[in-house]
Amino acid sequence: MFTKTKVAALGAAAVIALSACSSDDPAEEATGSAGGEAPAESGDFPEGSTMAALAEAGSITIGTKFDQPLFGLVGPDGVPVGFDVEIGKMIAAELGIDESGIEWVETVSANREPYIEGGQVDIVVATYTINDERKEVVSFAGPYYNAGQAMMVMADNEDITTPDDLAGKNVCSVEGSTPAANIAENYPDANLVLFGAYTDCLEPLRNGQVDVVTTDNVILAGYVDESDGEFKIAGDPFTEEPYGIGLALEDDDFRSWINDVLEASFEDGRWMEAWNATAGTVLPEPELPTVDRYEN
Ligand code: GLU
């Protein structure tokens, strides 16, 4: 997984090198992208836009998960790896910002909206479901992946196969997450146990304090993969969790530009390359998502 991640990172570096070349070329500067075939330049953004400000600063702060294998997991060097991390790097690269210009900040489920609203992060790429309630306070580009809520149990547990089996069970999830909200609202007979991050649920599952961990299928798949046969997924996903890139409310130019970046990456293979280097080492190949350019 490390080697493949490095290959993806090299790909991003090559893109940066290309755009750096083009911005040094005064002829291209004059024609810009209106010339038709010239690649977009890193500084070629509307004045006053978030893109122009970030490109000018040469740095971006990205919120991601630090404890979720396959999507965002901090490595021994303190730098996170995973599919969300690759998506963040791709956006940074399109702004002319290389990996040394990215500040990674841990966002857990409950602090994503506050961190965006408070300006602690420029964007959040953190298994972040797009929904109407969250759209009241932040904007979303994407989706760039479609997950679904699922359940994880000990490998020898045969009692639980659908969420209707959760009545009377101790069900672990995370504060501020859509899976926790779904259980609280639609399965009120479950005993919901909430922590700050999903890894906090793993030891209680092992020692029997909780019967089930519930969140998105792809997050659970990462824990199952790391568990050496200890955990398993129970049943099928039972919600839709489209993953978006969170950004400031009403920054429509930035949202639209990130959507353009995502669509270009779907087309030219960078999205699939990022997937294959990270979550694709464990999960099946996903269908290309369809970006939702919703009206405010
Ligand atoms: N995708 C869900 C959410 O955004 C669950 C995963 C998470 O908590 O990050 O709430």
Side-chain angles (χ1 to χ4, degrees), residues 62-74 80-88 104-117 120-121 123-152 163 166 171-187 190 192-202 204-205 210 212-226 231 233 236-247 249 278-279 282-283 286 289 292 294:
I62 305 180
T64 195
K65 296 296 184 82
F66 277 12
D67 73 334
Q68 294 179 188
L70 309 180
F71 279 76
L73 181 70
V74 161
V81 293
F83 186 54
D84 283 342
V85 172
E86 292 304 315
I87 296 287
W104 298 103
V105 169
E106 182 177 22
T107 46
V108 295
S109 302
N111 68 17
R112 292 173 294 194
E113 290 94 287
Y115 273 28
I116 294 169
E117 289 178 277
Q120 280 102 321
V121 294
I123 57 173
V124 165
V125 195
T127 60
Y128 198 9
T129 296
I130 302 170
N131 68 22
D132 289 343
E133 201 183 325
R134 291 172 176 168
K135 278 188 207 162
E136 298 282 316
V137 286
V138 300
S139 290
F140 286 102
Y144 62 91
Y145 184 77
N146 289 306
Q149 183 176 355
M151 301 178 295
M152 181 174 80
L166 295 177
V171 180
C172 199
S173 198
V174 161
E175 284 150 11
S177 72
T178 50
N182 181 33
I183 299 299
E185 195 176 324
N186 297 313
Y187 303 94
L192 196 53
V193 179
L194 295 180
F195 288 109
Y198 294 108
T199 39
D200 297 334
C201 290
L202 302 183
L205 180 64
V210 302
V212 190
V213 180
T214 186
T215 184
D216 301 337
N217 55 344
V218 293
I219 299 172
L220 297 175
Y223 297 134
V224 169
D225 182 55
E226 291 203 331
F231 305 142
I233 303 286
D236 297 317
F238 50 97
T239 67
E240 288 180 2
E241 309 288 333
Y243 286 176
I245 292 152
L247 63 138
L249 188 65
T278 57
V282 169
L283 294 163
D292 176 14
Y294 62 87

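Atoms within a ligand are numbered from 1 in the order they appear, just like the ligands themselves.
Each of V213, T214, L194, T215 was checked for a side-chain contact (heavy atoms from CB on, under 4.5 Å) with C201, and the lone residue meeting it is V213.
Ring planes of F71 and Y243: perpendicular class, angle over 60° (limits at 30 and 60°).
Side-chain contact between V121 and I116 is present, with heavy atoms from C-beta onward closer than 4.5 Å.
Listed here is the closest heavy atom pair of P179 and D216: CG-OD1, 4.0 Å. Taking all atoms of both residues into account, the shortest heavy-atom contact from E106 to Y115 is O-CE2, 4.0 Å.
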For ligand 1, list every N/O pair with the protein closer than 3.5 Å, one pair per line with the distance.
residue, atom, partner, partner atom, Å
ligand 1, 1 (N), T127, O, 2.8
ligand 1, 1 (N), T129, OG1, 2.7
ligand 1, 1 (N), D216, OD2, 2.6
ligand 1, 4 (O), R112, NH1, 3.4
ligand 1, 4 (O), R112, NH2, 3.1
ligand 1, 4 (O), T127, O, 3.2
ligand 1, 4 (O), T129, N, 3.0
ligand 1, 4 (O), R134, NH1, 2.9
ligand 1, 8 (O), S109, OG, 2.6
ligand 1, 8 (O), Y198, OH, 2.6
ligand 1, 9 (O), K65, NZ, 2.6
ligand 1, 9 (O), R112, NH1, 2.9
ligand 1, 9 (O), T127, O, 3.3
ligand 1, 9 (O), T127, OG1, 2.8
ligand 1, 10 (O), R112, NH2, 3.1
ligand 1, 10 (O), R134, NH2, 2.9
ligand 1, 10 (O), T178, N, 2.9
ligand 1, 10 (O), T178, OG1, 3.3

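Between the side chains of Y128 and E113, at least one donor-acceptor pair of N or O atoms lies under 3.5 Å.
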